[in-house]
Each structure stands twice: as C-alpha cells, then as structure tokens.
Amino acid sequence: MLLEDSVTVRCREADLALVKGCLAGAQAEYSELIKSETGANKKCTLVIDNEFLPPAPVAGKDGPSCLGGVLLHCQSGKISIDNTVDVRLRLVMEQAKPAIRSLLFPAN
C-alpha cells in the first residue's frame with residue numbers, strides 16, 4: 001500500500017482531460033480505502049506531471065509509443081508504479097507463454 005502524501009501522475013497528452021477528470025474521485029476512493037483498511041484518516045494529493053508519456057503508436061513509424069494508462073511516481077521518482085497498457089500487455093504475455101507453448105507444441 002502506498003502511503004504517500006503526494007503522488008505525481010504521468011499520462012499521454014491525449015489522455016490529459018480524462019485523467020484530470022478522474023483525480024478527485026481517485027483521491028476520495030484512496031482515502032476511503034485507507035480508512036476502511038486501517039482506520040486512519042489519510043489523504044493523498046494527485047498532481048499531473050509536466051512530462052507526458054509517448055503518444056499512441058502510428059503504423060509504419062518507429063520510436064517510443066504508449067497505448068495508454070498512467071505512470072505514478074513519488075519521492076522525486078524513487079518510487080514508481082507503471083500502470084500503462086503496454087506494461088499490462090507484457091505481463092499478460094509472460095503469464096500466457098506456458099499455455100501458448102503447450103498449444104503450439106503438444107506433449108504427444
């Protein structure tokens with residue numbers, strides 16, 4: 001559980017309005033969760049980062065890209081949580097490799 005007073009949220013520039021619209025609700029939900037889990041009154045301020053994640057990929061164009069999601073960081077970047085679609089897809093692919101392997105190479 002992250003018990004920081006301030007967390008910086010980095011998103012794609014195209015998602016900025018959507019992320020800004022979610023901040024107040026996320027802060028309230030966080031406070032409620034901490035209260036129900038620990039009984040403590042804890043507030044966390046979410047701040048939009050000045051830097052943005054790379055834009056969505058474009059067909060035929062190389063370079064960094066991001067499908068969406070957010071990157072949270074605090075304590076001057078010492079703690080970071082990458083909750084982008086790209087990282088989630090990589091995780092699912094790693095977890096699915098054994099199943100894919102058994103489909104491709106059945107143990108006859």
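In this structure, the side chains of Pro57 and Leu67 come closer than 4.5 Å at one or more pairs of heavy atoms. Side-chain atoms of Val7 and His73, non-hydrogen and from C-beta on, never get closer than 4.5 Å to each other. With a 4.5 Å cut-off on side-chain heavy atoms, Val70 and Arg10 do not count as touching. Counting heavy atoms from C-beta outward, Lys42 and Lys35 have side chains that stay 4.5 Å or more apart. Residues Val9 and Leu23 form a side-chain contact, since some pair of their non-hydrogen atoms from C-beta on lies under 4.5 Å apart.
Of the listed residues (Ile48, Asp15, Leu46), just one forms a side-chain contact (heavy atoms from CB on, under 4.5 Å) with Lys20, and that residue is Ile48. Under the side-chain contact (heavy atoms from CB on, under 4.5 Å) test applied with Cys74, the options Asp5, Thr8, Val47, Ile79 reduce to a single match, Ile79.
With values rounded to the nearest 0.5 angstrom, Ser31 atom OG is found 9.5 Å from Leu33 atom CG. Rounded to the nearest 0.5 angstrom, Leu16 CG and Leu53 CG are separated by 11.0 Å. Distance OG/Ser6 to CD/Gln75: 10.5 Å, rounded to 0.5 Å. Separation of atoms CG (Asp86) and OG1 (Thr84) is listed at 4.5 Å; rounding is to 0.5 Å. Rounding to the nearest 0.5 angstrom, the gap separating the OH atom in Tyr30 from the NZ atom in Lys43 is 13.0 Å. Here the CG-CZ distance, from Leu71 to Phe52, works out to 13.5 Å after rounding to the nearest 0.5 Å.
Grouping the Ile, Leu, Val, Met, Phe, Trp and Tyr side chains by contacts below 4.5 angstrom, directly or via other members, places Val92 apart from Ile100.
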